[in-house]
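One structure is given here, and the rest of the page talks about it.
To find a chain, count down the sequence lines: A is the first, B the second, and so on, and within it residues start at 1. Remember, predicted model here, so these are calculated numbers, not experimental data.
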Amino acid sequence: MNDLPRELSAQYNPKEVEEKWAGLWARMPLFHASVNPDKEHFTIVIPPPNVTGILHMGHALNNTLQDILIRMRRMQGCEALWMPGTDHAGIATQNVVERQIAKEGLTRGQMGREKFLEKVWEWKENYGSTIINQLKRLGATCDWQRERFTMDEGYSRAITEVFVSLYEKDLIYQGDYIINWCPRCQTALSDEEAPHHDLDGKLYYIKYPLKEPQAAGRKSKRNSKKTAAPEDGIIVATTRPETMLGDTAVAVNPKDKRYKHLIGATLVLPLVGREIGIIADDLVDKSFGTGAVKVTPAHDPNDYQMGKTHELEFINIMQPDAVLNAHAGDYAGMDRFEAREAIIEDLTERKLLVKIEPHRHAVGHCYRCHTIVEPYLSKQWFVRTKPLAKPAIDAVKKGKIAFTPQRWTKVYLNWMENIKDWCISRQIWWGHRLPVYYCQRCMAETGSKSQVPISNFKKNSKNTQKGIIVARVRPEKCPDCGGTDLKQDEDVLDTWFSSWLWPFATFGWPFSDQVSEDAKRRTEEQKKELEYFYPTSVLVTAPEIIFFWVARMIMAGFAFMGSIPFKDVFIHGTVRDAQGRKMSKSLGNSIDPLEVIETYGADALRFSLISACASDIFLSKEKFEQGRNFANKIWNASRFIRMNAAVGVDGSRIDPAACRIQDLWILAELNDTIRRVTKAVDAFRFHEAVNLLYTFFWHSFCDWYVEMAKQTICEKNTQEILVHVLKVSLLLLHPFMPFITDEISSVLGGSSFETIAVAPWPQPEKKFENKEARELMRIIFDAVLLLRERRHELKLNPAVKVRVRMWAAPKKRAALLAAAPVICQLAQASELEWLDDDTAPQNSLSLLVARDAHLYLLLEGLVDIAQERERLAGEIAQGHKQIKAKEALLKNKGFVKKAPEQVVAAERKRLEELKAKTADLEEIRRALQ
RNA sequence: GGGCGCAUAGCUCAGCUGGUUAGAGUGCUGCCCUCACAUGGCAGAGGUCAUAGGUUCAAAUCCUAUUGCGCCCACCA
């Protein structure tokens, strides 16, 4: 019995071990990266989780993948930096705090901006590090001392700089447009923030009467045939009848013969009484509805377009909360959906509602609160994206940035090539205020207002509007009039307007001139860091973030750094439940990763997630048992080795000449595993890497090698190999399962590293390459498997030892002879004797293995000979069938001529073997009496 | 209306650039608590690789079409 420095318990206890190592890692400065010109840099910036975030499975997957990359590159000798941080998540965080104060019966309106923001900051201080702590628990080796927050002072400077410089280049403008408006959050949203979902709605057909009904005599011949053109009015179809209160025209397609004669005529808008004209516009689809469309320029993007073209009146009928305003007349004060009901009722009463059809259509929803968004006319700030998109398109087309899996390239390009201007102003409080100041005096003169216009307006096309000041620092006075009454814009910026700067703003960009020496030095340092670590290496994220974040970071990279922000984009799958639904809090179908960590361990969580991450992941709790079981297997194999190998045994000096065949085999397998695992991670095939390790460790190492090693466990060489293979396996496993591997390594000792996180990544060793050993071991495995199989067939009790005879061609004889004890042990044979020539012993059962190695099981007392003859006949018939098929293949001229030589050669060899084997079987069968 | 992805063992999924007898985990059946591990070991059953064509000496793998499911994008109100 060796004296153990530390005992390993019979069952792995992840909780204890993981908590210990999480603590240790936190105290080690090892994950801090700094400029090191001697090393290649490897940089990942974390997709910053929301400060409101609680670790969910998507995070767990996303961050495990990043951690694997970072850990492996670190071990490979890169200066590996994983930049952590959180996102202030404007709308989401504001909503959380609003809900919190609502419990105290307060609204943010009552509190006022300043008080409310204090409350949000307070919340951030209390809960903002929740997810960071959870990431640590997952094992993430971020450079924690660099942790950034998108509302940090320095980071905010980047946002101001970007806003102002884009404004100066005329790439940011203010204007009145139809945007997506969330009536619940009461803010504008970008197109990406208002995803469309199909809803079962209704299509209402409403009759708008003509002011002067057409005289019967004016009817053209054509019109008389068309039933759709009633001469006392026009029927329009709409899904949102309440918007009719803001109608200022009805449009038809100019080519539509049904309505041609009515173009220019006047209609009386029902319920309102306003006179509106009939206009012609190509935007109108003749085949939809009645071919006539009501035009509400202030409440629909298409109608807005027509409103501009035809210089219609823009009537906004809603308040920001989607309650109808004074322009809605009798319906003022009603909610939009209430008003819809009322209007339908009133129209029905007036016999103007022609019909209602069921209609399934896509409706925009707020991505934060899922409220149906309202297309809403308002004054907002926009980024002119087309010029920014150009280099971002080129970079991907030229392969400077590569998406994996590749198919996402197309998704990205398609979006980028059809990019729309980006609405960046939000009517919330939590976020970066726009660096825009309004001179109250100038504003009063020009009559400009930053409020939503009620009706007619003209677009402000130039960025040089009087009284609007966009500046890096708050100006003292108005440059136009010298007035000092300046008011900063109330709006804040889209959260993504800060996230898109993440790959470089996290390094302290932009670097301002500093006065103090200390600050100067720090700034110089940061500049060097940015230069060294940027562009980052890989971005790991989920598909739904491509437009929000990935695409915009690429634009920002070119716009402000003049280069790509990252070389590779790895897009992983979505985590779903067993039914295939996306895991989400609202569905209540999510599996809490923290619970999994609690019951199975972080390593188990990581392993199970990664082994399933080839595509979208369908998770159930059982999936994590596989990870737990594997961890336990690693633990126990280590325990066995620890208990049996002498202290101080080290595999670094293993001499292949002193090795048995099985030793050479496992070492060759290990080499192969090192190569394949490394290659798989390089190609972002994480599931392949982890499954290779699983198979190697469990099946090759534990099931075969360790079992064989038990026989020679007292030999130092065996111990050395066990320790060596285990140690290398732990290193390979470390990026995937960091806790258990570090724990076992530390217990095994003999390492000069506090944590193997900084140990070198294993390399295949030339001296362990051995093709022959692997071939011979295949024979031994076959022998064992066949013997076991026959034992089962013969229903032999495990205690019954069988007698075996073996023959091998001279070339292989020595090696197999040496392996005989192993075969005996694994196959529970009591004796294995060697035959000098290859003739079957009397009454033996053939267990043919290969052409140059035969195995016979002595049957006496074990089996009915007649039965065995019959069984052999079946096997022989099978053999003939296979021979026939192979012969046919080799007779095929096309195959012989066109297939690669090796393939043909392999087939020839296989045919020979089959023939020999079958002939032998026949002989053996004849010999059986 | 465009675009993409997926259909392989009862279930969940691997299978990279075509090449022996298509794999794993889980479940099921049988036998084992063999001194690292029952969160374990050994063995077994289970697949016309969605369908129909095509290319090829050779197709789960490449091409075309069809069916079913899922996702994304889009200004038919």
| request: Classify the ring geometry between Y304(A) and Y177(A) as parallel (under 30°), tilted (30 to 60°) or perpendicular (over 60°). | output: tilted

| R788(A) atom CZ, over 12 foreign heavy atoms within 6.0 Å | yes

| If you take atom types as modelled and just measure distance, does the side chain of E707(A) reach the base of rA36(B) with a donor-acceptor pair under 3.5 Å? | yes

| task | Looking at every strand, decide which applies to I206(A) at a 4.0 Å heavy-atom threshold: base, sugar-phosphate, or nothing. | result | nothing

| request: Would you kindly give the CZ-to-C1' distance between R676(A) and rA14(B), to the nearest whole Å? | output: 13 Å

| note | Checking rA36(B), rA14(B), rC73(B) against the side chain of A614(A) (C-beta onward), the nearest is rA14(B)

| field | K886(A) side-chain proximity, nearest of rU20(B), rC75(B), rA43(B) | value | rU20(B)

| side-chain N/O W704(A) vs rG41(B) OP1/OP2, d < 4.0 Å | no

| message | Using atom P in both nucleotides, what's the gap between rU29(B) and rU66(B) to the nearest angstrom? | response | 44 Å

| Taking the same atom, C1', in rC63(B) and in rA22(B), what whole-Å distance lies between them? | 22 Å

| field | Pairwise P distance, rU51(B) and rA59(B) [rounded to whole Å] | value | 15 Å

| said: Any side-chain N or O of K881(A) below 4.0 angstrom from OP1/OP2 of rU21(B)? | reply: no

| Among rU21(B), rA36(B), rC42(B), which is the nearest nucleotide to the side chain of R788(A)? | rC42(B)

| task | Please name the residue in the list M57(A), K623(A), E598(A) that meets the side chain to side chain contact (heavy atoms under 4.5 Å, CB included) test with L605(A). | result | M57(A)

| Can you tell which of rA36(B), rA24(B), rA43(B) lies closest to the side chain of H699(A)? | rA24(B)

| note | N636(A) has its side chain closest, among rG41(B), rA36(B), rA77(B), to rA36(B)

| said: Can you work out whether L203(A) or D198(A) has the more 5'-proximal nearest nucleotide on RNA chain B? | reply: D198(A)

| remark: Numerically ordered, the residues 684-693 of chain A set in heavy-atom contact under 4.0 Å with RNA chain B is R685(A), H687(A)

| From rA77(B), rU20(B), rG19(B), pick the nucleotide closest to the side chain of A899(A)? | rG19(B)

| Is the base of rC4(B) touched by the side chain of K410(A) through a donor-acceptor pair closer than 3.5 angstrom? | no

| field | Interatomic distance, R628(A) CZ vs rU39(B) P [rounded to whole Å] | value | 7 Å

| query | Y12(A) or N892(A): which one's nearest nucleotide on RNA chain B is closer to the 5' end? | reply | Y12(A)

| note | Rounded to the nearest 0.5 angstrom, the CZ-OG distance for F781(A) and S700(A) is 7.0 Å

| task | Would you mind reading off the distance between E789(A) atom CD and rG41(B) atom P, rounded to a whole angstrom? | result | 20 Å

| said: Around atom CD of E417(A), are there more than 12 heavy atoms from other residues, nucleotides or ligands closer than 6.0 Å? | reply: yes

| query | Which whole number of Å gives the distance between the P atom of rC16(B) and that of rG53(B)? | reply | 25 Å

| request: May I ask you to say what V411(A) touches in the nucleic acid, namely base, sugar-phosphate or nothing, with a heavy-atom cut-off under 4.0 Å? | output: nothing

| request: For R407(A), report the nucleic acid contact type (base, sugar-phosphate, nothing); a contact means any heavy atom under 4.0 Å. | output: sugar-phosphate

| Taking only side-chain nitrogens and oxygens of K633(A), does any of them come within less than 4.0 Å of OP1 or OP2 of rG41(B)? | yes

| message | Does rA14(B) have its OP1 or OP2 closer than 4.0 Å to a side-chain nitrogen or oxygen of S615(A)? | response | yes

| query | Are W408(A) and F403(A) near enough that their ring centres are under 6.0 Å apart? | reply | no

| field | Nearest-angstrom distance from the residue atom CZ of F288(A) to P of rG1(B) | value | 13 Å

| Which of the following nucleotides, rA36(B), rA77(B), rG25(B), is nearest to the side chain of Y694(A)? | rG25(B)

| field | Side chains of S190(A) and E193(A), donor plus acceptor under 3.5 Å | value | yes

| task | Assign F630(A) to base, sugar-phosphate, or nothing according to its heavy-atom contacts below 4.0 angstrom with the strands shown. | result | nothing

| If you measure from the C1' atom in rA9(B) to the same atom in rU26(B), how many Å do you get, rounded? | 11 Å

| request: Taking atom NZ of K710(A) as the centre, report whether more than 12 heavy atoms of other residues, nucleotides or ligands fall under 6.0 Å from it. | output: yes

| task | Name the nucleic acid region contacted by P900(A), choosing base, sugar-phosphate or nothing; use a 4.0 angstrom heavy-atom cut-off, strictly under. | result | base

| Parallel, tilted or perpendicular: which fits the ring planes of F630(A) and Y694(A), with parallel below 30° and perpendicular above 60°? | tilted

| Say you pick atom P in rU39(B) and the same atom in rC28(B); how far apart are they, in whole Å? | 14 Å

| task | Examine rG40(B): is either OP1 or OP2 under 4.0 Å from a nitrogen or oxygen in the side chain of N629(A)? Give yes or no. | result | yes

| message | Please classify the nucleic acid contact of K893(A) as base, sugar-phosphate, or nothing, using heavy-atom distances under 4.0 Å. | response | nothing

| K420(A) NZ to rA74(B) C1', straight-line distance once rounded to whole Å | 7 Å

| remark: Taking rA36(B), rG41(B), rA77(B) as options, the one with an atom nearest any side-chain atom of D703(A) is rG41(B)

| field | base_contact_polar (rA36(B) base, K710(A) side chain, donor-acceptor, <3.5 Å) | value | yes

| remark: Atom CD1 of I571(A) and atom P of rC72(B) are separated, to the nearest Å, by 15 Å

| said: Among rC73(B), rA77(B), rG19(B), which nucleotide has an atom closest to any side-chain atom of F547(A)? | reply: rC73(B)

| task | Could you work out the separation of rC62(B) and rG15(B) based on their P atoms and round it to a whole Å? | result | 12 Å

| task | Determine the contact category for A612(A): base if any of its heavy atoms lies under 4.0 Å from a base atom, sugar-phosphate if only primed atoms, P, OP1 or OP2 are that close, otherwise nothing. | result | nothing

| note | Regarding the side chain of H361(A), the nearest nucleotide among rA36(B), rA77(B), rU20(B) is rA77(B)

| query | Under the criterion ring pair (Phe, Tyr, Trp, His ring centres under 6.0 Å), which of Y204(A), F288(A), Y205(A) is the partner of H359(A)? | reply | F288(A)

| said: In whole Å, I'd like the distance from the CG atom of L911(A) to the P atom of rU21(B). | reply: 12 Å

| message | Rounded to whole Å, how long is the line connecting atom CG of L609(A) with atom C1' of rC13(B)? | response | 15 Å

| query | Between F701(A) and K633(A), is there a cation-pi geometry (under 6.0 Å to ring centre, at most 45° from the normal)? | reply | no

| query | rU21(B) and rA60(B): how far apart are their P atoms, nearest whole angstrom? | reply | 11 Å

